[in-house]
Amino acid sequence: MTTKEIGGLGHSVKRKEDARFIRGKGQYFDDIVLPGMLHMEILRSPFAHARIRSIDTSAAAALPGVVAVVTGELMAQHNLAWMPTLSGDTQAVLATDKVRYQGQEVACVVAESPYVAKDALELIEVDYEPLAAVTSPQQAMAPGAPLIRDEKENQEDNHVYHWEAGDKETTDRAFAEADRVISLETFYPRCHPAPLECCGCIADVNPATGKATIYLTSQAPHAHRTLFAIVAGLPEQQIRIISPDIGGGFGNKVPIYPGYVVATAASLLLGRPVKWVEDRTGNLISTGFARDYHMRGELAVKDGKMTGLRATLLSDQGAFYADAQPTKFRAGLFHIVTGSYDIPAAHVVADGYYTNKAPGGVAYRCSFRVTEASYLIERLVDNAAHELGVDPAKFRLDNFVRPEQFPYRSATGFLYDSGNYPEAMRIALEKLGYEELRREQAEARAQGRLLGIGLASFTEVVGAGHGKEYDIAGLRMFDSAELRVHPTGKAILKLGVKSQGQGHETTFAQIVAEELGIPYDDIEVQEGDTDNTPYGLGTYASRSTPVAGAATAVIARKLREKAKAIAAHLLEVSPEDVEFEAGRFFVRGAPERAKTIQDVAFASYTNLPEGMEAGLEGVHYYDPPNMTFPFGTYAVVVEIDRGTGQWKVRKVVAVDDCGTRINPTIVEGQITGGLTEGYAIAAMELITFDEEGNCIGSNFMDYLIPTAWETPEFELGEVVTPSPHHPLGAKGVGESATVGSPAAYVNAVIDALWHAGVTNIDMPLTPDKVWAALNEVGLAE
Amino acid sequence: MTQVASESGLHTVEVTVNGTPRAAAVEARVLLVHFLRQSLGLTGTHIGCDTSSCGACTVLVEGVPVKSCTMFAVQAHGASITTVEGLAAGGQLHPIQQAFHEQHGLQCGFCTPGMMLTSVALLAENPSPTDEEIRWALSGQICRCTGYQNIVKAVQQAAAELRGES
């Protein structure tokens with residue numbers, strides 16, 4: 001425990017990084033200008049599926065101010081027309097034979113100004129031969145479907161992978177013995193992380209030294225450096241990735257995009273820095289989308305208890321299999337799908353298919369497909385409760401994993417670390433005034449008003465992860481912290497993760513403040529520059545606190561042990577007689593005989609015990625022993641307008657458990673942000689395609705994001721069950737609300753309509769869809 | 001109107017930005033946001049979309065919030081513009097900046113300049129807004145990180161400060 005001034009764990013200290021952002025002095029990559037910098041724009045395919053007969057770049061190349069026009073043919077000469085994806089497939093950098101999705105990169109113009117580059121795009125002539133487009137897995141698997149990846153050896157159809165988890169036999173038996181089986185077919189539509197800052201880079205390959213400095217919107221700069229070395233054939237010690245301030249990531253800035261590769265190649269060939277700034281249309285039409293997951297869930301129930309769960313999944317992978325997820329899991333961590341419930345048998349079957357759409361799928365605060373799994377189980381459980389005539393809260397409480405069952409081994413192999421699910425539910429129901437609300441709902445129904453209460457009790461899994469099981473492109477998912485204390489008692493902490501708004505410059509300083517008693521304001525936190533930070537796997541899937549946070553605690557504690565020995569030397573006692581509290585080392589039994597951490601820091605450079613190495617620093621690479629399991633109960637109250645199908649959110653209660661909270665205000669900020677994304681996904685976000693593969697939802701006029709006007713207010717509560725295996729007991733929270741809340745919103749709408757026979761509406765629950773459902777059951781006005 | 005175009009096809013646009021006279025010569029088609037960011041080097045104004053939807057580019061032109069991506073630089077000739085860089089005065093943060101900081105009204109910071117400027121314009125017109133009025137005033141701007149709740153609190157804090165109440 002520390003004082004507020006030191007600012008250790010539990011203090012809602014104000015953020016250090018705010019100082020530059022509120023002054024408009026953030027350094028996002030597009031704010032950076034380098035001497036001689038050129039500008040790159042991308043020509044994108046208008047067709048979803050077409051053969052390229054020819055590309056004529058002569059007019060574009062002749063435009064004054066244009067320095068180069070790059071096509072797939074030119075990239076192919078340098079073996080760079082294709083690149084590996086994070087999922088072991090290949091992806092076109094610039095199209096050569098065919099285009100395989102609308103918006104795919106076909107050519108790049110490099111020019112003296114962005115306006116000229118854009119002008120030149122219009123002068124490039126591409127002769128396309130359109131082909132039939134495939135826009136769903138169902139179409140992709142149909143006999144006679146167009147072969148999308150005809151360039152791939154041994155690829156004879158559009159099937160990408162088959163993956164299973166759990167046990168078929170025990171699950172089949174559970175279903176055979178069940179007295180009720182409830183099933184649900186549902187589609188989690190394609191949506192997009194759409195961070196406010198689009199992707200982009202400045203690639204600066206120094207022609208004299210060969211050093212490549214790449215400013216990159218990257219959530220994982222070290223991994224990107226290694227992949228750049230492998231893909232572009234540049235020596236890794238000559239590559240410096242600098243991930244500067246990032247205007248939101250949400251998983252969108254984990255993949256390597258063609259624009260990065262072409263910009264780097266262009267800089268290498270031209271000997272000048274090349275800046276590529278993606279526009280919003282490019283971002284929505286081509287970068288890592290999320291979800292697009294067809295799911296069938298079945299729940300076996302016997303005597304009111306859940307006895308078995310089946311999930312059958314069809315994944316729309318787009319034209320290239322480029323999921324950003326640990327390689328051993330083709331469906332990410334979907335198999336967390338038993339969620340908060342003690343279900344003894346489960347079986348997950350997943351198949352992925354190519355379609356003529358942008359590649360991706362694992363993004364948007366999904367914790368690697370946990371969003372999909374959580375949605376399925378929470379919708380299924382609510383529907384099951386309704387079908388069985390049991391209150392949805394009670395049905396959950398009757399089936400929760402109980403506190404005494406932890407650590408809990410799930411039917412699909414996860415070992416849940418800690419939890420108290422009934423407590424989260426209890427607090428949520430209390431904040432809701434649940435009993436009163438159900439009474440009000442019944443009264444309202446009698447008056448013809450449609451009130452709904454939706455619950456979702458999610459358990460998710462984050463903190464990837466233990467190296468043997470978790471790797472990205474082979475790189476084990478440890479993470480790192482390098483801590484150095486200066487003579488004047490200040491410190492610098494360098495991390496292998498990379499914040500995109502989560503407040504690491506503050507929260508990670510708070511960890512050191514807790515362990516060493518150095519005020520958090522005296523601790524500088526650095527991330528993102530691969531020349532100056534230890535290797536890490538980056539920030540996504542809520543892993544920073546569980547993994548790099550643990551590394552920080554471990555190294556800080558190691559330094560504390562050394563500091564103790566130095567303090568003992570200064571106090572002329574033996575280290576066993578020295579105690580530590582909040583930045584003071586004192587003699588046991590004589591607390592007035594003390595040295596501060598600042599005294600010790602100075603001494604580590606000026607007055608050391610004989611034989612001790614100078615300095616107070618170290619680095620730790622942390623391999624987590626297990627994942628962490630944040631959880632919570634969310635509750636949403638809605639009222640539906642029978643005339644328009646619009647549903648208004650009357651109340652949202654969110655009770656979260658993320659273990660120890662380093663900075664409660666920052667934790668709450670993560671949750672309200674996620675609850676808003678959950679609302680957006682449930683209510684309005686959608687990328688869809690017509691039968692020709694035209695992308696509908698590739699700009700902010702079509703892809704709807706709620707503003708302050710549409711967004712509800714949220715009431716937050718907390719439970720704290722520390723993770724027993726994490727040095728700080730912290731679990732991570734960045735994605736909990738995006739994972740857990742969509743089902744709560746949808747459950748609320750379905751709850752309002754169940755009595756009339758509506759059992760499902762797929763997201764987004766736009767007014768027209770809700771009205772159509774009302775109309776079908778005679779409730780529309 | 002700007003000067004008649006010279007042979008170069010460029011127009012000299014003269015504006016007062018944050019109280020300082022600035023000028024640069026640009027093509028007629030150059031957007032105000034690009035003029036501010038590239039010609040004048042004021043990169044606090046951000047670009048988040050290509051359809052005038054997100055409001056990250058919001059600046060004040062004659063005190064009125066304007067999406068600078070939807071205005072040509074030449075249209076701003078002779079105008080007085082406030083960008084985020086002009087909020088602090090003499091090294092002192094504007095109450096809106098202080099409030100965003102104290103209420104945790106920002107996470108990645110990308111929407112923040114636009115949010116603060118629109119809030120300043122709102123408070124100049126309506127010193128005691130309700131939460132609903134704040135949300136309505138900010139309904140032309142997107143934030144992906146915060147969920148808006150703390151932004152509303154920040155505006156309320158700044159409002160109270162400007163009314164002399166804190």
Side-chain angles (χ1 to χ4, degrees), chain A residues 12 14-15 17-28 30-33 113-115 193-198 245-250 277 279-281 499-503 665-666 668-677 679 699-702 705-711 713-714 737, chain B residues 27 29-30 34 37-38 41-56 83-88 93-94 96-98 100-113 115-116 131-132 134-152:
Chain A
S12 287
K14 305 287 178 283
R15 294 196 337 164
E17 46 267 83
D18 284 357
R20 60 188 185 275
F21 295 132
I22 58 178
R23 291 171 171 79
K25 294 292 181 195
Q27 278 270 284
Y28 304 93
D30 191 25
D31 300 338
I32 298 167
V33 176
S113 85
Y115 280 65
L196 199 57
E197 180 206 29
C198 297
D245 288 328
I246 299 187
F250 312 118
V277 184
D279 58 25
R280 180 57 61 187
T281 300
S499 179
Q500 318 106 44
Q502 295 92 327
T665 296
I666 288 182
E668 288 171 8
Q670 292 297 302
I671 294 169
T672 50
L675 291 170
T676 303
E677 289 181 340
Y679 171 67
N699 58 66
F700 279 170
M701 288 192 328
D702 299 323
I705 294 180
T707 69
W709 182 246
E710 293 81 19
T711 302
E713 274 182 31
F714 310 110
Chain B
E27 292 176 43
R29 63 177 176 161
V30 169
H34 290 140
R37 287 180 56 82
Q38 282 151 30
L42 295 165
T43 55
T45 304
H46 300 141
I47 299 172
C49 78
D50 48 16
T51 48
S52 265
S53 308
C54 79
T83 68
V84 61
E85 290 93 341
L87 281 174
L93 289 177
H94 188 285
I96 196 70
Q97 293 169 301
Q98 191 64 33
F100 266 71
H101 174 56
E102 289 180 17
Q103 294 297 331
H104 188 39
L106 64 146
Q107 292 181 25
C108 81
F110 206 70
C111 77
T112 308
M115 289 287 182
M116 293 191 299
D131 282 1
E132 203 180 4
I134 293 172
R135 284 176 179 268
W136 181 244
L138 295 177
S139 62
Q141 282 157 280
I142 292 173
C143 170
R144 289 296 267 161
C145 298
T146 67
Y148 307 105
Q149 202 148 292
N150 287 348
I151 290 178
V152 175

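Here is how names work: the chains are called A, B, and so on, in the same order as the sequence lines, proteins then strands, and each is numbered from 1.
The closest side-chain heavy-atom distance from B/R135 to A/E710 is not below 4.5 Å. Between A/D18 and B/F100 the shortest side-chain heavy-atom distance does not fall below 4.5 Å. Between A/R23 and B/L93 the shortest side-chain heavy-atom distance falls below 4.5 Å. At least one side-chain heavy atom of A/K14 sits under 4.5 Å from a side-chain heavy atom of B/H101. At least one side-chain heavy atom of B/D131 sits under 4.5 Å from a side-chain heavy atom of A/E713. Contact of the A/T665 side chain with the B/Q103 side chain is not registered, since no non-hydrogen atoms from C-beta on lie closer than 4.5 Å.
Top candidate by heavy-atom pairs under 4.5 Å with chain B, chosen from A/A194, A/S499, A/G249, is A/A194. For the set A/M701, A/R15, A/Q500, the entry with the most heavy-atom pairs within less than 4.5 Å of chain B is A/R15. Per-residue counts of heavy-atom pairs under 4.5 Å with chain B were compared for A/V33, A/V277, A/L675, A/I666; the largest is that of A/I666. Comparing A/A737, A/G674, A/P193 by heavy-atom pairs within less than 4.5 Å of chain B, the highest count is held by A/P193. Ranked by heavy-atom pairs under 4.5 Å with chain B, the first of A/D30, A/L196, A/I671, A/I705 is A/L196.
The backbone N or O of A/F714 lies less than 3.5 Å from a partner atom in the side chain of B/Q149, making a donor-acceptor pair. A side-chain donor-acceptor contact under 3.5 Å links B/D50 to the backbone of A/T281.
Between B/Y148 atom OH and A/T707 atom OG1 the span is 5.5 Å, to the nearest 0.5 Å. Between the CD atom in A/E197 and the CZ atom in B/R144 there is a gap of 14.0 Å [rounded to 0.5 Å].
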Report task. Check the pair A/F21, B/C108 against side chain to side chain contact (heavy atoms under 4.5 Å, CB included), reporting the backbone distance first and the verdict last. Result -> CA-CA 8 Å; A/F21 295 132; B/C108 81; over 6 Å; no
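For A/T672, the parts lying under 4.5 angstrom from a heavy atom of chain B are both the backbone and the side chain.
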